[in-house]
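What follows is a short report on a single structure.
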Amino acid sequence: MIVVDAENAFRMIGQYDHSLHAGEMGAWLRDEVFSAVERRASVLKAAAEHDLAWKAMDKVPMWNDARGAPYSFLDLPDSWKLAHYHCGVDQLEDRDPYAGLLASRHYAAFFEHAADADALAFLAREQSRQARLLGELGVAERDVARDVRVVQFLDKLSLYVCLSHPRCGMGPVVPWLRGPFRELESIMGEPIEVQWEGPGRIRLKPFPFRAAFACDVPLRRVDKRQIAAVGIAKAYVQAAVERERVTMAPA
């Protein structure tokens, strides 16, 4: 779950909805961004479904007593995530092996410096999967690395939207999204500057997409008084689903 404190409510976005948003944006990328045009569909599937593991986890939001807020992907303990991550990549591999390989690389990068036994076991399983799929697919390592960076860029750009306040063009709420985006630097020749230029509009320079476009993000604004009255799980289900439209345009 993606959670942003919005004064009297929590702005909540399901992780899988975020990843679908990433894939929708990816459909606008120029062909030359990808390692090969024939792998474009698989890369976009990896971007759109990299958070498949969260579909079950986000059905019932949980409350973090320490923060006085719903658990988000930023503070949910790794031990709760790892088994779901592995199963999610399994499902994606069954649908599209190359997309599964990219998702495995994407998740494994989160735990490169882990010391926890569960995280190390997860990393070892995913590295074994990656070695197997590389052999079966016969794709060059440099091409896989390029396409993983595309997935990482789309994931980060969607998080930039989801962790901001699009209605007023403010955000994001976490510092690691405020600097230049370097994921496509080797492709574009320079880092991409990403900035809000007003409500519902983001500008990028250089611009990796074919044209300006707009995508909707589904979310729920969960009233804090309702949470206090009936609990987070029921308050979340009762909150109406809204759609926020954000436009990406060249600077």
Side-chain angles (χ1 to χ4, degrees), residues 1-5 12-16 18-19 22 46-47 49-94 97-137 139 141-142 144-160 162-163 172-186 191:
M1 189 69 68
I2 296 169
V3 180
V4 176
D5 194 324
M12 299 179 67
I13 299 169
Q15 289 288 138
Y16 187 58
H18 138 70
S19 68
E49 306 221 0
H50 72 271
D51 276 342
L52 193 58
W54 285 89
K55 285 185 78 172
M57 284 193 283
D58 279 351
K59 282 184 178 178
V60 181
M62 294 179 289
W63 190 256
N64 184 341
D65 289 321
R67 290 183 59 246
Y71 269 110
S72 79
F73 78 103
L74 295 170
D75 55 25
L76 192 69
D78 286 344
S79 59
W80 296 6
K81 303 175 189 175
L82 291 170
H84 290 278
Y85 284 174
H86 188 74
C87 291
V89 179
D90 282 348
Q91 293 176 52
L92 186 51
E93 182 190 338
D94 287 343
Y98 191 60
L101 172 59
L102 298 180
S104 177
R105 284 285 189 93
H106 180 61
Y107 274 129
F110 301 160
F111 301 100
E112 285 179 347
H113 305 293
D116 175 78
D118 289 339
L120 290 173
F122 170 81
L123 188 59
R125 287 196 303 269
E126 291 307 316
Q127 288 172 338
S128 176
R129 183 202 306 269
Q130 293 159 24
R132 173 177 55 78
L133 286 173
L134 268 176
E136 292 174 359
L137 296 170
V139 183
E141 168 59 32
R142 66 179 180 278
V144 176
R146 182 184 183 114
D147 290 334
V148 168
R149 289 194 295 273
V150 174
V151 173
Q152 290 170 336
F153 168 73
L154 293 169
D155 177 44
K156 190 173 179 180
L157 185 59
S158 179
L159 288 175
Y160 184 92
C162 295
L163 285 166
V173 297
V174 292
W176 48 269
L177 286 171
R178 294 178 192 154
F181 285 27
R182 300 190 176 277
E183 290 75 18
L184 301 185
E185 184 172 4
S186 61

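On a predicted model such as this, the values are computed, not experimentally measured, just so you know.
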Quiz item: Does Glu49 reach the side chain of Tyr16, with side-chain heavy atoms less than 4.5 Å apart?
Solution: yes
Quiz item: Yes or no on side-chain hydrogen bond (donor to acceptor under 3.5 Å, both in side chains) for His18 and Ser158, after CA distance, side-chain angles and deciding distance?
Solution: CA-CA 6 Å; His18 138 70; Ser158 179; 2.8 Å; yes
Exercise. Report yes if the side chains of Pro70 and Met1 come closer than 4.5 Å at any heavy-atom pair, otherwise no.
Key: no
Exercise. Could you name each residue pair satisfying salt bridge (Lys or Arg N to Asp or Glu O under 4.0 Å) that touches residues 60-73, not counting sequence neighbours?
Key: Arg67-Asp75
Quiz item: Quick one: are Arg105 and Asp147 in side-chain contact, heavy atoms under 4.5 Å?
Solution: no
Quiz item: Which residues satisfy the salt bridge (Lys or Arg N to Asp or Glu O under 4.0 Å) test with Arg129, sequence neighbours excluded?
Solution: Asp90, Glu93, Glu126
Self-check item: Polar side-chain atom of Asp51 near backbone of Trp54 as donor-acceptor pair, under 3.5 Å
Solution: no
Quiz item: Do the side chains of Glu136 and Pro97 get nearer than 4.5 Å, heavy atoms only?
Solution: no
Quiz item: What distance separates Leu154 CG from Gln152 CD, expressed to the nearest 0.5 Å?
Solution: 10.5 Å
Quiz item: Is Lys81 reaching over with its side chain to a backbone N or O of Met57, donor-acceptor style, under 3.5 angstrom?
Solution: no
Quiz item: Taking the six-membered ring for Trp, are Trp80 and Tyr71 ring centroids under 6.0 Å apart?
Solution: yes
Practice problem: Quick one: sort the Tyr107 and Tyr85 rings into parallel, tilted or perpendicular, breaks at 30° and 60°. | Solution: parallel
Quiz prompt | Distance, nearest 0.5 Å, that separates CZ of Phe122 from CG of Asp78 | solution = 9.5 Å
